[in-house]
Peer 1: 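Just passing along the structure, written as structure tokens.
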Amino acid sequence: MTRAATATIDLQALQYNLQRVRESAANARVISVIKANGYGHGMLRVAEALSSSDAFAVAKIEEAVTLREAGITQPILLLEGFADATELALLAQHAIDAVIHHQAQITLLEQTPLASPLKVWLKIDTGMHRLGVNVDDALTSYRRLQACASQACANVADEIVVMSHFANADDRSDPSTAAQLKQFNLATAEIDAAHSLANSAAILAHKESHAAWVRPGIMLYGVSPFIDAVAADDRLKAVMTLSSKLIAINHYKKGDALGYGGSWCCPEDMSVGVVAIGYGDGYPRAARAGTPVLINGQRVPLVGRVSMDMLCVDLRQLPAAAIGDRAVLWGAGLPVEEIAQCANTIPYELLCRVTQRVQFTEIE
Ligand SMILES: *Cc1c(COP(=O)(O)O)cnc(C)c1O
């Protein structure tokens, strides 16, 4: 049995986008960010397709352990680090590297003997105000980690990376990115370590931030990181195409109300197509009337409210449409950036929220 709603994952596009990262940041090592199930594309599939990455980053310890258990041998960085001694031991056991963003984690490291030294990345808060040690504490935090590395029973590996994260790099005109970089350089002036700052937006727009390690996420999946652009503007290729099928074509009279709430009424006698996909599959319920859907490659507008399993499209401009025709909700030919705007959200959220009810297939 094949399900109508399908997410097609283009593995070559993934590799092409990684190549775009390499071109953009030629001297940096690349840590591919594959958290949240590879931004909804399937974490293991993405890790395998991007095996030429220098390392991988995930947010949760379960994700990191899953990668190791699947035989991924590249360095894996846990972006949220460990929460307690049990997690710390698990990281050491699986050779998973940890972001250190809080004094409590340093204290735990100082107090916990480990079977083998842990590689750590010290995160400094330069203005994002989410995770990271204060700029004023950066040097002492680094020295404490260094001390852990130089003890006889060293539980921190020698090469410590210092990192920070940008809050507004998606807006090219926002001056806070340059201000954060300046803060970072001041805070690390007396630290002799590799640096890592750049997410996708900074990889494309802030060369001066590239440093030793870049951390691309969204651009690997073929999505523009900028608020005012689509993938093609940055020569990226969409990796996920979400599609389904027309399962009914109905003819209604002028004034007939469509779907739950009857919020949309036919302005004239017309044909309406029903596509087998809804918010139960991860298509956003917030998508407003007029959001484009591709039927046989041609744009038609969404009408009425998106329901759990279905949505309706206006077929007035497409009289040749037939039951069984392919409907593309986003991906090749229809930028997910545009759909996100119509649903008042960002592409990141749409990609992560595609549910397991959708059939995932790969093209190579
Ligand atoms: C998610 C994340 C990234 C990747 O960000 P994109 O905008 O998807 O490129 C990089 N660094 C950190 C710390 C992250 O949490």
Side-chain angles (χ1 to χ4, degrees), residues 14 17-18 20-22 24-25 28-41 43 46-47 50 53-61 63-64 67 75-81 96-102 105 120-133 161-172 174 176-177 180-181 184 194-207 209-231 233-234 236 238-240 336-337 340 345-353:
L14 261 176
N17 296 329
L18 175 58
R20 286 283 297 127
V21 174
R22 298 257 185 226
S24 307
R29 280 180 282 175
V30 177
I31 180 161
S32 294
V33 182
I34 58 174
K35 62 196 180 193
N37 195 27
Y39 288 47
H41 294 66
M43 179 177 69
V46 172
L50 299 182
S53 305
D54 300 297
F56 292 111
V58 291
K60 309 284 174 192
I61 194 162
E63 297 170 328
L67 285 170
I76 298 170
L77 178 64
L78 182 59
L79 293 169
E80 290 180 359
I96 294 163
D97 308 340
V99 168
I100 303 295
H101 55 80
H102 200 277
Q105 292 173 316
V120 298
W121 293 42
L122 175 62
K123 186 166 192 173
I124 303 166
D125 176 20
T126 56
M128 172 83 179
H129 298 151
R130 187 179 60 183
L131 287 186
V133 302
V161 179
V162 287
M163 66 181 285
S164 193
H165 194 49
F166 293 124
N168 299 307
D170 58 332
D171 179 352
R172 273 176 268 225
D174 192 310
S176 68
T177 305
Q180 282 194 261
L181 181 57
F184 184 80
H195 292 181
S196 175
L197 292 122
N199 57 2
S200 299
I203 289 167
L204 294 169
H206 294 278
K207 278 209 173 319
S209 74
H210 287 173
W213 284 94
V214 292
R215 307 192 305 268
I218 197 76
M219 73 181 283
L220 293 171
Y221 307 96
V223 177
S224 172
F226 302 112
I227 46 176
D228 54 356
V230 292
D233 301 336
D234 297 304
L236 299 169
V239 174
M240 180 196 292
V336 67
E337 293 90 333
T345 184
I346 53 174
Y348 296 77
E349 189 185 18
L350 293 187
L351 295 175
C352 288
R353 282 179 53 174

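In listed order, ligands and their atoms are each counted from 1. Throughout, numbering of the chain's residues begins at 1 and tracks the sequence.
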Peer 1: Among protein heavy atoms, which lies nearest atom 12 (C) of ligand 1, and at what distance?
Peer 2: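 Among all protein heavy atoms, the one nearest atom 12 (C) of ligand 1 is His165 CE1, 3.4 Å.
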
Peer 1: For Ile218 and ligand 1, does the shortest N/O to N/O distance drop below 3.5 Å?
Peer 2: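 Looking only at distances, the answer is yes, because the N/O contact criterion of under 3.5 Å is met.
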
Peer 1: Charged N to carboxylate O under 4.0 angstrom, Asp228 versus Arg172?
Peer 2: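 Yes, Asp228 and Arg172 are salt-bridged.
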
Peer 1: Name the closest protein heavy atom to atom 9 (O) of ligand 1, giving the residue it belongs to and the distance to 0.1 Å.
Peer 2: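 In this structure, atom 9 (O) of ligand 1 has Ser200 OG, 2.5 Å as its nearest protein heavy atom.
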
Peer 1: Side chain, backbone, both or neither: which part of Asp170 comes within less than 4.0 Å of ligand 1 when only heavy atoms are counted?
Peer 2: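 It is neither; nothing of Asp170 touches ligand 1.
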
Peer 1: Mind checking whether Pro216 has an N or O less than 3.5 Å away from an N or O of ligand 1?
Peer 2: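 Pro216 vs ligand 1: no N/O contact under 3.5 Å.
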
Peer 1: Sub-3.5 Å donor-acceptor pair from the side chain of Asn37 to the main-chain atoms of Tyr39, do we have one?
Peer 2: no

Peer 1: Is there a salt bridge (charged side-chain N to carboxylate O under 4.0 Å, His left out) between Lys60 and Glu80? Walk through the geometry before answering.
Peer 2: CA-CA 7 Å; Lys60 309 284 174 192; Glu80 290 180 359; 3.4 Å; yes

Peer 1: For atom 7 (O) of ligand 1, what is the nearest protein heavy atom, given as residue, atom name and distance?
Peer 2: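 I find the closest protein heavy atom is Tyr348 OH, 2.7 Å.
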
Peer 1: For atom 8 (O) of ligand 1, what is the nearest protein heavy atom, given as residue, atom name and distance?
Peer 2: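 The protein heavy atom lying closest is Tyr39 OH, 2.6 Å.
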
Peer 1: In terms of residue, atom name and distance, what is the protein heavy atom nearest to atom 1 (C) of ligand 1?
Peer 2: Lys35 NZ, 1.5 Å

Peer 1: Could you measure the distance from the CE atom of Met163 to the NE2 atom of His101? Nearest 0.5 Å is fine.
Peer 2: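 That separation rounds to 10.0 Å.
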
Peer 1: Look up atom CG in Leu220 and atom OG in Ser53, then write down how far apart they are to the nearest 0.5 Å.
Peer 2: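 Nearest 0.5 Å value for the CG-OG distance: 7.0 Å.
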
Peer 1: Is ligand 1 under 4.0 Å from a heavy atom in the side chain of Arg215, in the backbone, in both, or in neither?
Peer 2: both

Peer 1: Would Trp121 and Leu77 count as a side-chain contact (heavy atoms from CB on, under 4.5 Å) if you check the C-alpha gap in whole Å, the side-chain angles of each, and the deciding distance to 0.1 Å?
Peer 2: CA-CA 8 Å; Trp121 293 42; Leu77 178 64; 3.6 Å; yes

Peer 1: Test your reading of the model: is there a side-chain donor-acceptor pair from His210 to the backbone of Ile203, 3.5 Å cut-off?
Peer 2: yes

